[in-house]
Structures are given as structure tokens and as C-alpha cells.
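Note on naming: letters A, B, ... go to the chains in the order of the sequence lines (proteins, then strands), and numbering restarts at 1 for each one. All values reported here derive from a predicted model rather than from experimental measurement.
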Amino acid sequence: MAELHAEAVHRHEAPKGFIWKYVFSLDHKVIGKQYYFLALLAVVVGMVLSWLIRVRMVWPSARIPGLDKLSPVGAPGGVMTPEYYLSLLTLHGTLMIFFVLTTAPQSGFGNYFLPLQIGAEDMAFPRLNMLSFWTTFVGLAVLLSTFFVTDGPPISGWTAYPPLSAVGSAAGPGEGLGQDLWVISIAIFCIGALLGALNFIATTLDLRTRGMKLMRMPLTCWAWFVTAVLGLLSFAVLFGACVLLLLDRVGGTSFFTPGGLIVSDKIIPHTGGSPLLWQHLFWFFGHPEVYIAILPGMGITSHILSCFSRKPIFGYKVMAASLMTIGFLSFTVWGHHMFVSGMSPYSGFTFSIFTMAIGVPSAIKTFNWLGTLWGGKLRFTSAMLFSIGFVSLFVTGGLSGIFLAQPAVDSYLHATYFVVGHFHMVMGVAAIFGMFAGTYFWFPKILKPLIPVHEFMTISALITGAAQFIFLFNLFWSMFKGEKASTNPWEATSLEWTVPSPPPFDNFGGKHPVVYHGAYEYGVPGAEKDYIMQDSPVKITAS
Amino acid sequence: MLMGLAAIVMLFAAFTSAMVVRRGVSSDWVSTPLPRILYLNTLILLASSLTLELSRRSLRAGRGDRFSGGLYATLGLGLAFVAGQLTAWRELATRGVYLASNPSSSFFYLLTATHGVHLLGGMAALFYLVFSAGRIVLEPKTLAVVEVTAIYWHFMDGLWIYLLLLLMTRL
Amino acid sequence: MALAIAVVVALITVISVAIVVLKVWWMPLDISTHGPAIDHQMNLTLIFTGIIFILAQLGLAWFVWKYRDRGDGRKAIYSHGHGMLEATWTAMAAVLFIGLNLMGYRMWAEMYFRGAPPDALRVQVLGQQFAWYFRYPGPDGQFGPTHVEKVNDASGNFYGIDRERDPGSKDDIVTATLAVPVNRPVELVLLAKDVTHDFYVRELRIQQDMVPGMQIPVHFTATKTGRFEIACNQLCGLGHYKMRAFLEVMSEEDFQKWLQNMAAQQ
Ligand code: HEA
Ligand code: HEA
Ligand code: CUA
Ligand SMILES: [Cu+2]
């Protein structure tokens, strides 16, 4: 494989014409932005859905003007029916987990900055890269199309447990065409994610510039790399599970559907399948998936905390190792979602031990973040604020996981709002904070301007989700109106800050940077400035 | 490349564990006797790996003429394998065994079809090579494509042996 | 700015701790013999994680405040980490987490590894979209077999039992409420007719999925009389939110009377 990227290295000329430049672009920077905006679209839809969920919960008979146009069946006269709530819930979870947290932190920022940070001109397989974006895009389009199916999106939640999701429209509204489209959408998404993961791994292993040893990579690159490995192994399994589910639905097979079912007074013609089999396959994917959602955020947080503390990251090696440990352990804990599912209680105990074990590398990360702040010289940029917020939220959400990890306690808490609270803390806010942090940190590099630091906006983002519109406004406003940023406004050390903003088409102008240090040489005693760029040949004497 | 194979391994690992679990929980499992032609197909596929290997060797030795001959042979054998698999399906169908007839037949069709789809990917690469074989010059880039295709093809071969053993013992 | 963040983080910490300490939201009543152990484990976890929570958050706030850039030319400490420190907190975390796990394990074993005592009252629980039906074996202590094709909701044969042909089914009693005697072991066998449901009684501290094609036993002993909600806690379709029934814990005499009453209605 090492030889295959020859194509990437010898392509110096920027493409001409709008379509090739912005739509079917092979440029990792454009593709990164495409992923980012795809996530933005998904997060806005997902957010609106969460509002509708809350409204339906608190004011069940509220009229939402226009909703009856979207779904005459689900919201007659604009008033949501109880089952439409479930449809919206399913799409809320699916959009947020797959199309927001699996795309922006990894494929969005990663695509843009992985090649820049390791000194490469592009990803290893640019064509594959374009293909994976457009595959993901089709997946999103298929998912959103469920809104326009007569009886609406599926009602089985983002986990789509069979038999509810397998026996067809007898099980309820949304379980006909809507559920078919859901399965197809997720299968398509899996293919896009697999292609993307391949590309990330190959790029990290093969395209590092001279001197960029693995142990000199910024922690962001480590996070993207581990995430890609998780994605590669877990999305393949989810893909398989989706194929089986689709066959149960349309092919008459009985992988997940047991015999003797009577749904709405009809005998279902299946025999002997196992509903728990789906749960095992799904969570074998599903648990690594939640780390796919958070690891890039951890990488970004580490990177930013070090930069704005003007201090080396505390325990670089351990930070990299703990990313890998979390990644490895994440494949051993899926059963903690199934303590009360009816699986063998003996395995419940084993899964619990491994789950608790994941707390250890997480603890290492938390303490090393605090260690990085300790004795620093903190600069409170917006990115820094979000990173500090990330640490606070991750601790809170992570500790709530410790309750759930004990089967006896979980048998009490399972499927309650305790769990909803747990994962909204880690994903809904911590991981989203990671995205905000990355946005504020890299925005001056991606587009010309610096996002003006609106303290008001930042504080209110801490408090309410609705304030996100200020963020959006700010984003677009500064995209079109802001001023040009300098090459290295944060006085950071990694390679993306050695190229102009925005970076030229071929990143490093045809030259290959040479790397001499790790990414976190801040505040080096005796040095001329308080940071030493990775490509600066200065010798570091202190250690 | 190896990474791509890892993903395929995971997919088939998922199917295998599904098969083991599904067989374990059910009382409705009726074994599906394997069509005989599968063994012939296996030989054909093994032969195709051989011809591909010969072809690759001759490319390394600078014998462009033998190279494309080997490719044609591989492609032909590959097509024969796919045709053979389709015949196996036909045979089952005439016996009245379809995808949904029984969990074991579901797995038979599922595994052979998934393997077949992946093999078609390898055939596409072979087509590309055959197509450009006339213009092949010994430069690193084409060499790499040949190497990658060969690894993939051998992998598909090995995967099929694994599946055959799985089907023979557990169906 | 530093002050603002420090204050916000500290405030969030204090308020969350206050909510817990003042028991603004607390666990519902417990009516089972195994419940107190679970509550105890939960409290223990709350205390340990609470301490870590407070230390970590306040530490964060304090560092943010203390190490802000005051523009006084102070340089940041140049340190790549501290091996001993890192090893210490890794070990601490490991001990704590594994310790909690082992403590919780005993209880789990009590609930799931050990079966119900032989004299337990056995009841089948059937979940279906969107109702519950409970089946008592009657005086003969036998559950007759069920037949899918006999299932008929309209005529009230939810289980598909055949009273004429199966002697075991003759005296079976099917009800829409789950009544059990107080202080006597009960074993439930959970069944599902169409999709996966979930048997959840908060006051019993019991939750268990009901999976089609499986028979899953759970057992408990209720210690207080009263009427408690049985909620379906697994998304099972459009009526999931209203799929509920009631658990009535009665004295032994009341229970026998109730049972006779129900038998008369079959
Ligand atoms: C990333 C994941 C994520 C996020 C962010 C959210 C955000 C929110 N969620 Fe969501 N939720 C889920 C994932 C998420 N949720 C999942 C997986 C489920 C389970 C579904 C199931 O059971 O099937 C669920 C279920 C769920 C329920 C449970 C319903 C039930 O079980 O009956 C509720 C109820 O209140 C809820 C509400 C909300 C609210 C009010 C928000 C608000 O916080 C929304 C406010 C908006 C934001 C925080 C977005 C801000 C971000 C930007 C504007 C973009 C920035 C973009 C870039 C930088 C690119 N959600
Ligand atoms: C980003 C996403 C994310 C992350 C990071 C996590 C992290 C963790 N999760 Fe969570 N989880 C979800 C997303 C996530 N989870 C989702 C989406 C669901 C629900 C899915 C659904 O059903 O729809 C879920 C559900 C879920 C369950 C199943 C609950 C149930 O359905 O009944 C469990 C059970 O074990 C669990 C546990 C944990 C644990 C132990 C961690 C650990 O990794 C946390 C580790 C972190 C810490 C422990 C804090 C930091 C450590 C310290 C501060 C050090 C302490 C110091 C000393 C001890 C000295 N999670
Ligand atoms: Cu039955 Cu929810
Ligand atoms: Cu998990």
C-alpha cells in the first residue's frame, strides 16, 4: 500500500472549475469542510428535533405551525401524535450519533488537519476520500427522506431493536418503508465510514514527513488514528448486522426474529431467530462508537490545553497510550448495555469488570489535563474556554457511567433518564464542546478570519443550546466578513501553523517540512520565544 | 490494504458469530446439504490464485507477454468460479431451498453472496489490469497495483476456504 | 475571565452537590428484601464518585484561577510530566473502580446466580403491545402449554391456553393485575408475545427485559403491602408510554381471597 499514494504526492496543480474545486474535490481541505458542513446541517436538524421532543413532552397538545405540512399523519393540525414523538426521537439520536459526532470531529477536522499536522500534501487516497464523503452524504439524504414517507420515520430508536424493527409495518407506524430506509441509510453510512477509516490509517502510517516520528505527532493525530482503527473494526460489524436486519425485513429470513410472534393479532411467519443477537452485534459496534465520538474531542482538548497553558502536555506518552488503551478496552465492554437484556448474568459480571477498567485510562487523561494546567500561564481564548468546559463535563458524565457499569445498580437505572443524562453529558455536551473548541482554534486557519471572541456567546453556550444560533451567525458572519488572520495567531507549534491561512492547495508548496521535536514544546527554558515550532531545528537542552 | 482486509475479516467474523449463536439458540435448524459443485469451484479458485501468482512472477522477471496471459487465465477462472457459485444456487433452488427456507440456507446464501460481491471487486481490479496490460511498463505504480490485487485475490481465496470449512462443519 | 470560569465551575459543583445532599430528588420507597443492598451500593458509589467529582471540579476551578496569565512575565513551568504521580493516580483509580465492582458483584450474584427457593409462588408475566397479563398456576401448581394459534385477544385468551384439552391449564388464572402475598418469595417468568418489553417496578428495584422467544426468571420477596406501578421500560412501539399495570402486595389472607375471586371470573 505504501506505494499507492504516489498519485497524491505528485499532484501539484489545483483543479479548475467550480464542480471539481468544491463539489467533487479531491483536496482533503475541501473534503474536511464538506464533512464539517454536513455535520452542521445534521446538528441543526437534530437540535430542532430535540426541541420538538421537549415540546411534545411538556405541552402534549401544542400546535407547531407547519408541522402538519411535513407530516399530515404524524402531526395532524400541527399537533404531534405520541408515535410521532418516537419517530422524532429516533431521528434525533441517529442524526446526532452518526451524522454529527462521527463526522465533524473525525472526518471534518481530521481530514483538514491530519495531513497538515503530519506534513503531508494530502490524504493517502484522495479519490477514496471524495468517495467516502459522498457516500456519507447519500446516507444522510436517505435518512432524511424518511420524513417524507407517509407514516413517517421509524419509531424504534437509534438502537433499532428487533423484533420491533424487524417485523414490518404490523409493529406500528414508521416500521414499514421508514425502517427500511433507516437500515439502508446506516448501511451506506458504514461504507463511507469504513473508507474514511482506511484512509486515515494509511495516511498516518505512510505519509508522515521526515522526522515526524509517531511519538512526535500531536495528540490530535493519535486520537484520529485510534478512532479510525475503532471505526474500521466496528463499522464492519454494524454493516453486517444491518444486512441481516434488512434480510429479516424484506428477505423473509429469521436471524433476529423468533417464531410464534403475534403482532396486532397476526401470526408472524418467522421461526427461531434471536433478538439478543442483534443487541450483541449492535453494541459490539455501539460501544466503540461512543469512543469514536469522544476520542477526537479528547485529542483536540489535549492539544489546546497545552497550547494555551504555554506548557508541554503533561505525560505525552501516557496520553497516547491511554488513547490506545481506551480504544482496545472499548471492544470488550459492549455487554454493559445489556445487563438486563436477558443475556447470561455471568457475562454481566465480566463486562462490568472491563467497563470499570476503562475508567482507569480515563482517569489518567483527566489528571493529565489538570497536570497540564498546573503551573501554566493560561490564555483564555474561546478555544481554551471550551476545552476547560470539556474536561469539566467529561468528568461529570464519565463518573455517572460508573453507576451504570455495576450490573446490580444498572438494573435499577437502565433505560431511565439517568442514562439519558449520562450520555447527554458526555456526548451531547462534552463532545460537542470538543467540536466548538476545534472550531474556534482552527477557524483562523480554515477560513481567513479569526472568530471574534464573543464572551457573551461563550457563556451563553455554556448555559443554553438555543444560543447556538449566535454561534452559527457568528460562524457565517465571520466567514464572509471577517479579517484575514496571520499564519500563527495562537503561537502554536504544530505544522499547520507554518503555512499561510488558508493553506495553499498543495499545503507546503511542494516542499517537505522536516520535524525536529514533539508538538508541545512550550515555555522551554532558555529558548528565545516561549514556543518552539516542530520544524524549527533549534536544539532543546532543558528536559 | 491490510487494513481493508481487517474490515472484511470483521464483517465475516460478525457473520460467523451470528451463525454460531443462531444455531445455538434455535430448534428449527435444518442442515442444508452442500451442492457438490462447490468443491469444483474451490479447485477453480485455487487454480486462479496459482495463475495470478505465475503472472506476477513473470512481471517481476520482466516477461510482459506471459504476464498478460496469466491475467487472462485468472480472470477466466474467476468468472468460472462465479458461474459455478451461481450454479450452486440454482441447484439449491431446484431442490426448493431458498434464502428464507431455513436459517442454515439463509446463512449459505448470505455467506456465498457476500464473498461473491467481494470477489467481484477483485475481478474489477483484474479487468483494469488486463485492460491496461498492453501499456504496462515496469514502473513502481503499476507494480504496486499488481501486488495489491494479488494480495486481495489470494485473500479472497483463503476466505473462501475458510467459508467452505465453516459451511461443511457447521451448516 | 479566569474568575468567571472558576466561579461558574465551582457554582455548578456546589449546586449539584447540594441537590444530592438535600435529597431534592431521591430514590423511591424500597419494598424488597434485596433492595437495601442495591441502595447501599448506590450510595457508596455516590460518595466515592462525589468526592472525585468535587476534587476534580474544584481543582479545575482553582488551577484556572491560580495559573491565569497575569501579564507579570512569569514563565510557565516546563515539565513533560511526572512518572510517579501518574503511576499513583492510575493505581488509585484502578483500586477504586475494581473495588466497587467486586462489592457490587455479591449483590448481583444474590439476585441472578441463585434461583428462587422451591416454595416460591410462581407467576408467568406476559407482555404484549401494550398490556400485561399475569398467569397463576391454580391449585394444581401446573402451567399447561400454550398454543400460538389459540391466542385470541378478543375472547380474552391472551396466552393461547387450551382449558379443555390440557389438564395443566384447567385451573390456570389469568389476570390483568399482579397480586402477590407479602413476605413470601415470588418467582416471575417473563414472556413476550410480539416485541421486546421490560418489566420494571422501581419500588422492587427490579428491572428485566422480556424477550420474545425466551423465558426469563426473576425472583423477589416483597416486604411492604401497597399498590405499585409496573412500567414497561423498553421502547416497544407507539403505545409504549402507556403500557403499564399494577403490582398489589397483600397480606396472605387477602391474597388467597383475591385469588379465589379471580378464579371465579375465569
Ligand atoms: C450528540 C448527541 C446528542 C446531542 C448533542 C443531543 C442534544 C439534545 N438532546 Fe438528545 N439524544 C441523543 C443524542 C444527543 N442529544 C441520543 C443518542 C438519544 C437517544 C435516542 C434513542 O433513544 O433512540 C437522545 C435522546 C434524547 C431525549 C430522550 C427522549 C426519550 O428517551 O424519551 C431527550 C429528551 O429530552 C433529548 C433532548 C435533547 C436536547 C434538549 C438536546 C439539546 O442539547 C440540543 C441543543 C443543541 C446543541 C447542543 C447543538 C449545538 C451545536 C451546534 C450548533 C453545532 C456546532 C457545530 C459544529 C462545530 C460543526 N435527547
Ligand atoms: C461519548 C460518549 C460516551 C462516553 C465517553 C461514555 C463513557 C462511559 N460510559 Fe456510557 N453511554 C453512552 C455514551 C458514552 N459513554 C451512550 C450514548 C449510552 C446509551 C446508549 C443507549 O442506550 O441509547 C451510554 C450508556 C452507558 C451504559 C449502559 C447503561 C444502560 O443502558 O443501562 C453504561 C454501563 O456501564 C455506560 C458506562 C460508561 C462508562 C463506565 C464510561 C467511562 O468511559 C467513563 C470514564 C470516565 C470517568 C470515570 C471520569 C474521569 C475519571 C476521573 C475523574 C478519575 C477518577 C479518579 C480516581 C478514582 C482516583 N454507558
Ligand atoms: Cu412495552 Cu414498552
Ligand atoms: Cu457503552
Side-chain angles (χ1 to χ4, degrees), chain A residues 82-83 155 157 161 163-164 171-173 258 260-263 265 267 275-276 309-312 314-316 318 340-342 345 349 352-353 356 359-360 363-364 366-367 370 373-380 385 388 391-392 395 399 402-403 406-409 411-412 414-415 523-525 542, chain C residues 1-2 5 8-9 38 41-42 45 49 52-53 56-57 59-60 63-64 67-69 74-81 86 89-90 93-94 97-98 100-101 104-105 107-108 111-113 148 151 153 193-196 198 205-209 211-214 216 233-238 241:
Chain A
E83 54 273 20
I155 58 171
Y161 279 10
L164 181 58
L261 296 192
I262 302 171
V263 181
D265 275 338
I267 298 187
L276 287 196
S309 300
R310 314 310 296 166
K311 255 193 85 197
F314 197 87
Y316 174 86
V318 187
V340 303
S341 68
F349 174 62
S352 167
I353 290 227
M356 287 295 208
V360 177
I364 296 177
T366 307
F367 286 123
L370 292 178
L373 292 175
W374 163 77
K377 192 174 154 196
L378 312 190
R379 295 184 186 167
F380 297 105
L385 297 183
I388 292 169
V391 176
S392 171
V395 169
L399 288 174
I402 298 304
F403 291 78
Q406 307 171 49
V409 179
S411 70
Y412 182 33
H414 175 73
V524 183
Chain C
M1 199 69 231
I5 316 170
V8 168
V9 172
I38 293 186
Q41 180 74 9
M42 183 126 158
T45 311
T49 54
I52 298 165
F53 173 73
Q57 302 288 7
L60 184 67
F63 281 4
V64 164
Y67 296 114
R68 69 194 188 281
D69 184 359
R74 174 181 64 88
K75 283 204 90 171
I77 296 171
Y78 182 72
S79 154
H80 277 285
E86 287 167 49
W89 59 57
T90 307
F97 289 147
I98 305 302
L100 268 179
N101 182 280
Y105 165 67
M107 214 178 327
W108 181 247
M111 283 165 71
Y112 278 97
F113 296 175
V148 180
V151 171
D153 285 4
K193 192 191 268 180
D194 37 33
V195 302
T196 307
D198 178 278
R205 305 290 189 266
I206 279 187
Q207 163 157 233
Q208 177 60 56
D209 276 0
V211 185
M214 293 175 77
I216 303 171
N233 206 24
Q234 168 64 46
L235 181 49
C236 56
L238 62 142
Y241 67 99

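The distance from atom CD1 of C:Ile52 to atom CD1 of A:Ile402, rounded to the nearest 0.5 Å, is 8.0 Å. Rounded to the nearest 0.5 angstrom, C:Phe97 CZ and C:Thr45 OG1 are separated by 10.5 Å. Separating the OH atom in A:Tyr161 from the CG atom in C:Leu235 is a distance of 10.5 Å, to the nearest 0.5 Å.
Heavy-atom distances place both the backbone and the side chain of C:Gln208 under 4.5 Å from chain A. For a residue to count as touching a neighbouring chain, one of its non-hydrogen atoms must lie under 4.5 Å from one of that chain's; by this rule C:Ile5 touches chain A with the side chain only. Contacts between C:Ile216 and chain A at a heavy-atom distance below 4.5 Å involve the side chain alone, from C-beta outward. Both the backbone and the side chain of C:Met42 come within less than 4.5 Å of a heavy atom of chain A. Both the backbone and the side chain of A:Pro345 have a heavy atom closer than 4.5 Å to some heavy atom of chain C. For A:Tyr316, the part sitting under 4.5 Å from any heavy atom of chain C is the backbone (N, CA, C, O) and nothing else. Residue C:Tyr241 touches chain A through its side chain alone, counting heavy-atom pairs closer than 4.5 Å. A:Leu164 touches chain C through backbone and side chain together, each having a heavy atom under 4.5 Å away.
Using cut-offs of 30° and 60° on the angle between ring planes, the pair A:Phe314 and C:Trp89 is tilted.
With respect to chain C, the highest number of heavy-atom pairs below 4.5 Å among A:Val395, A:Thr366, A:Ile262 belongs to A:Ile262. Residue with the most contacts toward chain C among A:Leu276, A:Leu370, A:Ile155: A:Leu370 (heavy-atom pairs, distance under 4.5 Å). With chain C as partner, the option from A:Ala415, A:Pro258, A:Gly376 having the largest number of non-hydrogen pairs under 4.5 angstrom is A:Gly376. The residue among C:Leu100, C:Val64, C:Val9 with the most heavy atom pairs within less than 4.5 Å of chain A is C:Val64. Of the listed residues A:Leu378, A:Ile388, A:Ile364, A:Leu261, the one with more heavy-atom pairs under 4.5 angstrom with chain C than any other is A:Leu378. Counting heavy-atom pairs closer than 4.5 Å to chain C, the top residue among A:Glu83, A:Lys311, A:Lys377 is A:Lys377. Taking A:Ala363, A:Gly260, A:Gly172 one by one and counting their heavy-atom pairs under 4.5 Å with chain C, the maximum is reached by A:Gly260.
Minimum heavy-atom separation, A:Val340 to A:Ser411: CG1-CA, 3.6 Å.
At distances below 3.5 Å, not a single donor-acceptor pair connects side-chain atoms of C:Asp209 with backbone N or O atoms of C:Thr196.
C:Gln234 pairs in a side chain to side chain contact (heavy atoms under 4.5 Å, CB included) with only one of the listed residues (C:Asp198, C:Val195, C:Val211), which is C:Asp198.
Residues C:Thr49 and A:Phe403 are in side-chain contact: their nearest non-hydrogen atoms beyond the backbone lie under 4.5 Å apart.
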Is there a side-chain contact (heavy atoms from CB on, under 4.5 Å) between C:Asp69 and A:Arg310 once you walk through the steps? CA-CA 10 Å; C:Asp69 184 359; A:Arg310 314 310 296 166; over 6 Å; no
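If you check the side chains of A:Ser352 and C:Asn101, you find a donor sitting under 3.5 Å from an acceptor.
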